[in-house]
Amino acid sequence: MQPRYIQIKSAIINSIEAGKMKPGDKVDSENQLAEIFKVSRMTARRALTELVDEGVLARSQGLGTFVNDHRPMSSLLEIRSIDDEILQRGHTYSNQVLTQLKVKATSEQGAWLDVPTGTELFHTCIVHYENELPVQLEDRLVNPQWAPDYLTQDFSQTTANHYLNSVAPLTQADHAIEAILPTQYVAKSLAIEPNQPCLQVSRRTYSAKGIVSYALLFHPGNRYRIGGHLDFSHSIRS
């Protein structure tokens with residue numbers, strides 16, 4: 001049986017998806033949800049807080065909590081595996097592996113991973129689906145020195161993020177986000193028109209050993225957002 005806070009989250013998400021609640025609509029308060037679902041206020045607060053963190057809801061100090069833009073949101077403030085994000089929203093996750101092979105590093109790719117030109121790298125391209133709709137194309141290069149068994153993984157059963165964190169735990173990352181028009185390959189992979197803007201995230205991840213991977217993550221702009229929730233209520237003001 002699902003935890004009670006997950007049941008509250010699912011009920012709110014289902015109401016939004018069914019059109020019963022629209023962007024801008026006010027959501028029941030913690031006290032109201034606690035009474036409706038016969039749970040503690042703490043449980044209701046956790047459900048609302050997680051939906052705010054995920055971008056489904058927006059909190060306005062003194063006014064309440066409201067339905068946000070309906071597009072799923074990926075966090076700017078932390079790096080999480082996309083399957084975890086999707087499952088936490090109460091949606092179904094699946095993927096399709098398009099490429100899983102060895103390549104020789106170009107000069108540009110070598111610079112990304114700090115290896116000489118011609119170094120053997122592992123390359124994967126994977127489309128991630130939310131409720132059977134493509135929401136991310138992940139084009140990733142991996143340094144075999146830090147993840148030698150990367151290409152033997154069954155990425156229909158796990159994600160690159162989960163596997164790499166298990167063998168070379170993440171210690172640092174740098175990333176950049178920009179709006180682009182997709183190539184034909186990206187557009188076809190995401191089932192969008194070539195003139196449909198995309199969000200491109202370029203991300204390099206490090207472990208204590210060195211640079212582990214460099215990934216380009218493409219999201220269809222009309223069905224995905226990137227953002228996060230900041231809480232300054234406990235910050236010290238000078």
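Computed over heavy atoms, backbone and side chain alike; hydrogens, waters and symmetry mates excluded. For clarity, every value in this text was computed on a predicted model and none was experimentally measured.
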Q136/V127 under side chain to side chain contact (heavy atoms under 4.5 Å, CB included): CA gap, chis, key distance, verdict: CA-CA 6 Å; Q136 184 190 90; V127 181; over 6 Å; no
Straight-line distance of H219 NE2 to I192 CD1, nearest 0.5 Å: 11.5 Å
Contact check, side chains of C198 and L190, non-hydrogen atoms, under 4.5 Å: yes
Reported CE-to-OG distance for the pair M21 and S15, which is rounded to 0.5 angstrom: 6.0 Å
Side chain to side chain contact (heavy atoms under 4.5 Å, CB included) evaluation trace for I82 with N161: CA-CA 8 Å; I82 190 167; N161 182 287; over 6 Å; no
Distance-minimising heavy-atom pair for N68 and A58: ND2-CB, 3.9 Å
Side-chain donor-acceptor contact under 3.5 Å, T124 with T99: no
Short side-chain to backbone donor-acceptor contact, Q32 and S29, under 3.5 Å: yes
H175 side-chain N/O to S202 backbone N/O, donor-acceptor pair under 3.5 Å: no
Test item: T119 side-chain N/O and V115 main-chain N/O as donor-acceptor pair under 3.5 Å: no
Check: D139 and H123 side chains under 4.5 Å, non-hydrogen atoms: yes
I126 CD1 to L98 CG distance, which is reported to the nearest 0.5 Å: 8.5 Å
Nearest-0.5 Å distance, CG of residue L137 to CD of residue Q200: 10.5 Å
Hydrophobic cluster identity match, L151 and L121, side-chain contacts under 4.5 Å: no
Heavy-atom side-chain proximity of E30 to L48 below 4.5 angstrom: yes
Centroid-centroid distance, Y5 to F37, less than 6.0 Å: no
Whether N131 side chain and H91 backbone form a donor-acceptor pair below 3.5 Å: no
Neighbour count above 12 (heavy atom, 6.0 Å) for E120 CD: yes
For H128, side-chain hydrogen bond (donor to acceptor under 3.5 Å, both in side chains) partners two or more places apart: Y93, E138
N/O donor-acceptor pair under 3.5 Å between T106 side chain and Q109 backbone: yes
Steps toward side chain to side chain contact (heavy atoms under 4.5 Å, CB included) verdict (V97, Q100): CA-CA 7 Å; V97 179; Q100 193 166 347; 3.5 Å; yes
Donor-acceptor pair, side chain of N165 and main chain of L170, under 3.5 angstrom: yes
Hydrophobic cluster membership, V201 vs L181, 4.5 Å side-chain cutoff: no
Donor + acceptor pair across side chains of S156, D154 (<3.5 Å): yes
Nearest non-hydrogen partners of A147 and L164, listed with the distance: CB-CD2, 3.7 Å
Considering all heavy atoms, the nearest A34-A44 contact: N-CB, 4.0 Å
Nearest-0.5 Å distance that lies between atom CG in L133 and atom CD1 in I86: 10.0 Å
Backbone of V39 reached by a side-chain donor or acceptor of T43 within 3.5 Å: no
From L141 atom CG to F122 atom CZ, the distance as rounded to the nearest 0.5 Å: 11.5 Å
Geometric class of the Y163/Y150 ring pair [parallel <30°, tilted 30-60°, perpendicular >60°]: tilted
Distance-only check: which donor-acceptor pairs under 3.5 Å involve side-chain atoms of residues 206-218, not counting sequence neighbours?
unit_1 : atom_1 : unit_2 : atom_2 : d
Y206   : OH     : D174   : OD2    : 3.0
Y206   : OH     : R204   : NE     : 3.3
S207   : OG     : K209   : N      : 3.0
K209   : NZ     : V167   : O      : 3.4
S213   : OG     : R140   : NH1    : 2.9
S213   : OG     : T205   : OG1    : 2.8

Partner set under side-chain hydrogen bond (donor to acceptor under 3.5 Å, both in side chains) for E193, not counting sequence neighbours: none
Side-chain (E85) to main-chain (S81) donor-acceptor, under 3.5 angstrom: no
Residue pair K9, E50: steps toward the side chain to side chain contact (heavy atoms under 4.5 Å, CB included) verdict: CA-CA 8 Å; K9 287 177 65 177; E50 289 196 2; 2.8 Å; yes
V52-I12 co-clustered via ILVMFWY side chain contacts under 4.5 Å: yes
Heavy-atom donor-acceptor pair, T152 side chain to D149 backbone, under 3.5 Å: yes
Criterion side-chain contact (heavy atoms from CB on, under 4.5 Å) against I13, the qualifying member of L57, I8, L51: L51
